[in-house]
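Worksheet: one structure, shown below.
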Amino acid sequence: MTAATFVPERYNPQTNEPHWREVWERDGVFTTADDDPRPKYYVLEMFPYPSGRIHMGHVRNYTMGDVVARYKRARGFNVLHPMGWDAFGMPAENAAMQNKVHPKDWTYQNIDHMRGQLKIMGLSLDWTREFATCDVDYYAQQQALFLDFLEAGLVTRKTSRVNWDPVDNTVLANEQVIDGRGWRSGALVEQRELTQWFFKITDFSDDLLDAIDGLDQWPDKVRTMQANWIGKSRGLSFEFRVKGAPEGFERLPVFTTRADTMMGPTFAALAVDHPLTTELAKNSPALREFIAECQRIGTSEEAIQTAEKLGFDTGLKVGHPADDSFELPLWIANFVLMDYGTGAVIGCPAHDQRDLDFARKYDLPVIDVFKPLGSDDAVEDTAFVPAKTERVRYVCWHGETDTEITCQEAMDRTLALYEENGWGKGVTQYRLRDWGISRQRYWGCPIPVIHCDSCGVVPVPKADLPVQLPDDVSFDKPGNPLDHHPDWKQVPCPKCGEAARRETDTMDTFVDSSWYFARFTAPRAETPTVPAIANDWLPVDQYIGGVEHAILHLLYSRFFSRAMQATGHLAMKEPFKGLFTQGMVTHETYKGADGRWLFPEEVLIEGDSARHVETGEAVAIGGIESMSKSKKNVVDPTTIIETYGADTARWFMLSDTPPERDIEWTDAGAEGAHRHIQRVWRLVSEVAAVTPADALDSKPDSFGAEALALRKTSHRMVHAVADDIEKLAFNRAVARIYDATNALGKALSAFDGQTADMAYAVREAARFLAEAMQPMTPHLSEACWSLLGGKGLMATKAWSAVEDALLEDDTLTLPIQINGKKRADLTISREASKEAVEAAALSDETVIKFLDGNVPKRVIVVPNRIVNIVV
RNA sequence: GCGGGCGUGGUGGAACCGGUAGACACACGGGACUUAAAAUCCCGAGGCCCUAGGCCGUGCGGGUUCGAGUCCCGCCGCCCGCACCA
C-alpha cells in the first residue's frame, strides 16, 4: 500500500477515550506511592467548589495541571497530582433555603456529578487521595489544628463589624449587600459589632513580606500585590490634643505616611466607628443620624472608598502637634478607615486627593506645602502628590522658605525634628489586619471551643474531637441554624462540668483551603499531617489557579504553613514553590429583543448579525465577557466533550492563547482543534500503513536531504515542546506541534514507500508527534502509540531523547540593516567571525547599492543576530 | 477610590537578553478532487502607492538608542482584587 491509496478511518473519541481511561484505571497508572525512589514532583490545581457542574474555567485549569503532571511523569518524576473539593460555603445553605435540600446532600450530590465530569477529561489524577473539606475526617483535623494554634498563641478574640440585616436578623456577606440593602429582605443594612475569632496573621507581617523575595517562581504581579496588601510603611505617629474633649479623649493618637505635609493640614478627621465618634454620638442625635447613614454603605472597603465623601463637623478643635495654637477643626469622615492606622487622620488637602475632595466639598482651606519645581500654581481640583523621590520646592518649611529637596528628604527631616522636640516619633505601620475567621453560618467547620460562665472560653479537649455538625437542622428561619438548634450547643464545661455552650460560629472557608495541599500528602492520617511524608512532598512544585486568588487564598496559605511549622505539623514556611495564575474563559454575550440574556445554543450567527434559533427574532451580539451563569454566555464542557471528545476540549484550551491571558471560547476554534486531532490520527494511520512496523529498529547510515529536514523538524519540535511545557508556554508548544504536523503531512504526500531513510524519518516523526502531544491529548496519543506498535502505555513512557546534532544548522541567515531598516539577507556560517560577517555584509550587492558610494560610519555586528550599517 | 495587570493584521496570537514585526492557528478568498456535498489537499493574504521597488504600521503622545512591540515619561481603553463569594 502507498500513501496515495490508503484511506484511514476517522478517529472516534467516543469509543477510544473511555477505552484508554479504563486501561489507565485498571493499571493504576496514576496512583502515587510515597516510597517511590524517583525524585518527587507535586503539581496541584486549585480545587473546585462543588457548585454542581464543572465549567470551562475548570477545564482550562485542570488541563494545564494535567499537562505538567503527565510531562513530569515522562521526565522520570514520581508525580503527586491529587484532587479534592472545597466543599463548605454559602451556596449550599442558599440551596437549602430555596430548595429544601440539606446542604450535605446537595454538596455530596454535586461532588458525585462533578467527579464524573472530571473523570471524562482524562486527567492523570490520583483519585485514591480525594477528599472534601466537609468530610468529618477533614474538618476534625482542622479543628485539631485550630486547638494547636490556640495553644501556640496564634488565635485571638476581638470585636469586629459585620453587615447586619435587621429584618432577617442575620449577618450578611459583602456580596449579599446590594446598594446598601440586604439581598433577600431589601432592608437597609446596619453594622453590628460582634466578638469574633481571629488568626494572628499580623504576627508574621514582616516574615510574610520578606519571604516574598524568595518566591522567585511566582509571577511578579502576585508578589507585588501581596507586598502591597501587607502594606508596610514608615511614617509619623503623633497625638491630637482635643480641645474640650470628653473625659479620656483629650489626646488622640494619629498616624500619617506623609510627614512632609505636616506644614499644611487644614482639618482633622475621625473614622465613623472611632471610639470618640461613638462617645460624641451619645449626646448628638445629628451625629447618630450621620453615623447611621454612613453605616448603610456596608463594611467593604471598596464601598466605603468609592462612596461620596461625607463629613460631620464635631465643632471641636485639635491643636497641631508642633504648634498647639494652630487649630484644626475636627470632623467625622466616612472615608477614614478605623482598620488602618489609628482611625484618625490629619487632612492636608493640597497633597491628598481624598482630603482635597473633602475640603472642596465642605469649604475648608487648602494650603500648598510644596510646589513642582518651576511652577507657582496653587492646587485647584487635583492634589499635587509627587513620588517620594521627586524634588519639589517647599514653600514654607519650619522657618525656611523655598527649600528644594525631595519629599523623602523632607519626610526624614520632619521625623527627626518631631522626635527631637517630642512632638511625635517615627513608627512602622502595616495595612495587613488579623484574619477574622468567625462566620455565623451552619455549613462550615465548627470552631471547637466551649463558653462557660465560670471558666470563660474553654477549648474542646482533643479527645472529644470532632465537634460534628448536627444533621437535624432547619433553614426555615434566617440566622445561624447551629444557634437555633434545640440542644446542639448545650454541653457541660470540660473544665468544671457545669452547663456551658458550644461556640456556634463556624470557620471561614478560606481556612479549609489553607492547608488542603498538605492533607493530600497523607489524606487518611489521624493527625492533620504525617510530618515526615508532608515534608517529603512539600512545597507544592507547581500550583495553578485563577488570579482572583492572588492575595487572600495565597496569603492565608502562607500564614498556615508558618503556623503549622510553629505547631510541628510541617517543616516549611512556604507552601507553593511555583505558582501560575491562569486567565479566565470568555464568550460572546447575546441579548434577545426583550433584553434578556440568551444561551449561545439559542443563537444562530449569520455573518455579523444573529437571530434566535427557534423564534427567528433578532439577537444583539454583546461584548466578550467572562463566562457567567447570570449572562448565560456559558458553554457546557460535557456537551463539548460528548461532541468532540475530551482531547479536543483540552487541545483547544491550550492552543493559541497564552495560559495567563483570558481565552475566548468559539465554536470555530473548537472545530479547528478537532480537525487537528483528526489530522494527526489520519497521518499516523497512514504512517502505520505505508511504512514497515520495524522501520525504526535499525537506523540508516545516512539520510537524504528530505529525510534529514523532516528529522530536524521532529527533533527540534520535541526539544522545543519540552522547553515550552517547562515554562508553561502551552500555546507555543501547540504552534510547534502544528509545524511538525505540517512537515509530516508534506513528507508523507511525497513519500513513495521505497526509501529506508524516509521510512525511518516518517515513523520517527509520527512517534514524536504522538509523544509530544501525550500530555495534552492523552487518549489520542495512546491510540497513536498503540497503532505504531509502541510497547506498554504512552502514559508511562519516558520522554524521548533528541539528537543534539539535529538541533542546530551550520549556516544561518542574518538580516542586514542600513540605518536600522532591513535591506538584505546574508547567509553565512554560524562560526563566522565578526570581521568575516562585516566583510561579507559590506560586499553584498544590495548593500553596495544602498550605500551608493557612501562610506559606513559604523558597522554593528551582533553575532548570530543582525548586522546594522550606519551611514 | 486604592492596589495590580493587559492592549500587535478581519480574529487568537508569535517575536527568549533591545536586533528580520505578524511564526502557528481561526475566519476569509481562489483552485484541485467529487454527479453533488462533506471531508481532504494546494495556493493567497497587514495597510497604502502604478510596478521594479518603496512608504506606513505593535492603543495614543513624547523620549532614550546604531536599532524600540520590547526600556523611560505622560495619557486613553479594558480587565482583576479590595479582607463575610469561592
Side-chain angles (χ1 to χ4, degrees), chain A residues 10 46 48-49 51 86 88-91 160 162-163 171-177 196 201 219-222 224-229 231 299-307 309 335 339 353-354 357 431-441 508-510 513 546-553 555-556 581 583-584 586 623 625-626 655-658 660-664 666 668-669 671-673 675-676 678-679 682 723 727 729 731-732 734-739 741-742 745 749 813-825 857-860 862 865-871:
Chain A
R10 263 181 88 74
M46 291 180 185
Y49 178 79
S51 57
D86 189 12
F88 275 135
M90 282 201 311
S160 70
V162 293
N163 301 306
V171 176
L172 298 176
N174 283 335
E175 72 158 8
Q176 296 174 318
V177 178
Q196 312 216 59
I201 190 171
D220 284 341
K221 63 173 173 186
V222 176
T224 310
M225 282 195 257
Q226 293 232 334
N228 289 341
W229 187 261
T299 57
S300 89
E301 190 172 321
E302 184 193 3
I304 293 166
Q305 296 275 307
T306 51
K309 285 170 188 58
F335 63 90
D339 291 316
Q353 193 60 45
R354 285 167 305 179
D357 294 344
R431 210 184 74 97
L432 183 66
R433 312 197 295 255
D434 277 332
W435 172 13
I437 61 157
S438 285
R439 298 292 180 270
Q440 294 69 42
R441 292 187 222 293
D508 178 8
T509 55
F510 271 125
S513 56
V547 232
E548 64 273 20
H549 295 293
I551 297 174
L552 294 178
H553 162 59
L555 195 63
Y556 291 152
T581 54
M584 295 178 305
T586 63
E625 299 189 49
S626 163
S655 309
D656 297 342
T657 301
E660 69 277 10
R661 237 182 267 182
D662 289 353
I663 190 170
E664 188 194 349
T666 61
E671 281 157 20
R675 267 202 299 278
H676 176 71
Q678 290 293 347
R679 185 172 185 222
R682 201 164 50 240
D723 190 51
K727 290 174 179 158
N731 58 317
R732 291 200 308 222
V734 166
R736 286 289 192 169
I737 288 168
Y738 276 126
D739 233 6
T741 310
N742 290 341
S749 58
T813 302
L814 292 182
I816 304 176
Q817 294 182 335
I818 294 172
N819 289 336
K821 290 198 173 187
K822 191 206 161 193
R823 297 297 181 186
D825 286 312
K857 251 190 267 179
R858 216 177 132 185
V859 179
I860 295 146
V862 184
R865 276 278 183 201
I866 205 167
V867 182
N868 191 11
I869 302 168
V870 186
V871 189

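In what follows, chains are A, B, ... by sequence order, proteins preceding strands, each numbered from 1. All figures in this text were calculated on a predicted structure; none of them were measured in a lab.
- Distance from the side chain of Thr306(A) is smallest to G1(B) among C82(B), G1(B), C56(B).
- Here G53(B) sits opposite C49(B) as a Watson-Crick or G-U wobble pair (both hydrogen-bonding atom distances under 3.5 Å).
- Between the base of C84(B) and the side chain of Asn174(A) there is no donor-acceptor pair shorter than 3.5 Å.
- Rounded to whole Å, the distance from CD on Glu660(A) to P on G12(B) is 15 Å.
- Spacing of P atoms, C50(B) relative to G4(B), comes out at 50 Å, to the nearest Å.
- For A27(B), the OP1/OP2 oxygens have a side-chain nitrogen or oxygen of Arg675(A) closer than 4.0 Å.
- Each of G3(B), U20(B), A86(B) was ranked by its minimum atom distance to the side chain of Asn228(A); first place goes to G3(B).
- Considering only side-chain atoms of Asp656(A), the nucleotide from C82(B), C56(B), G12(B) that sits closest is G12(B).
- Contact between Val867(A) and Leu814(A) at its shortest, heavy atoms only, is CG2-CD1, 4.1 Å.
- In this model, the phosphate group of U20(B) is not approached by any side-chain N or O of Arg823(A) to a distance below 4.0 Å at OP1 or OP2.
- Pair assignment for C2(B): G81(B), on the basis of Watson-Crick or G-U wobble contacts that are both within less than 3.5 Å.
- Between G54(B) and U70(B), the distance separating the two C1' atoms is 27 Å to the nearest Å.
- The distance between atom CG of Leu432(A) and atom P of A83(B), rounded to the nearest whole Å, is 13 Å.
- As judged by a 4.0 angstrom heavy-atom cut-off over every strand, Gln196(A) is placed among the base-contacting residues.
- In the set C79(B), C66(B), A25(B), the nucleotide with an atom closest to the side chain of Asn868(A) is C66(B).
- In this structure, Phe510(A) reaches the bases: a heavy-atom distance under 4.0 Å links it to at least one base atom across the strands shown.
- The nucleotide A25(B) finds its pairing partner in U11(B), both defining distances of the Watson-Crick or G-U wobble pair being shorter than 3.5 Å.
- Nucleotides A27(B) and G44(B), compared at atom C1', are 14 Å apart to the nearest Å.
- When each of C82(B), C24(B), G13(B) is scored by its nearest atom to the side-chain atoms of Asn731(A), the top-ranked nucleotide is G13(B).
- The closest side-chain heavy-atom distance from Gln196(A) to Gln440(A) is below 4.5 Å.
- Comparing G61(B) with U8(B), their P atoms sit 16 Å apart, to the nearest whole Å.
- OP1 and OP2 of A83(B) both lie 4.0 Å or more from every side-chain N or O belonging to Arg431(A).
- A38(B) and C48(B) have their C1' atoms separated by 40 Å, with the value rounded to a whole Å.
- At a cut-off of 3.5 angstrom, the base of C82(B) holds at least one donor-acceptor pair with the side chain of Glu302(A).
- The shortest distance between the side-chain N/O atoms of Ser300(A) and the OP1/OP2 oxygens of C82(B) is not below 4.0 Å.
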Check against salt bridge (charged side-chain N to carboxylate O under 4.0 Å, His left out), Glu301(A) and Arg431(A): CA-CA 12 Å; Glu301(A) 190 172 321; Arg431(A) 210 184 74 97; 3.7 Å; yes

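- Listed nucleotides: G3(B), C79(B), G1(B). Nearest to the side chain of Asp662(A): C79(B).
- Taking 3.5 Å as the limit, the base of C84(B) and the side chain of Gln440(A) contain a donor-acceptor pair of atoms between them.
- If you take atom P in A21(B) and the same atom in G46(B), they sit 14 Å apart, rounded to whole Å.
- Here the side chain of Lys821(A) is nearest to one of C82(B), C26(B), C56(B), namely C56(B).
- Checking C26(B), A25(B), A86(B) against every side-chain atom of Tyr738(A), the shortest atom distance belongs to A25(B).
- The side chain of Arg732(A) approaches A15(B) more closely than any other nucleotide in the set A15(B), C24(B), U20(B).
- Of all nucleotides listed (C85(B), A86(B), G81(B)), G81(B) comes nearest to the side chain of Ile551(A).
- Annotation: A23(B) and U34(B) have their C1' atoms spaced 34 Å apart (nearest Å).
- G9(B) and A14(B) have their P atoms separated by 13 Å, given to the nearest Å.
- Inspection of the Thr657(A) and Asp662(A) side chains reveals no N or O donor paired with an N or O acceptor under 3.5 Å.
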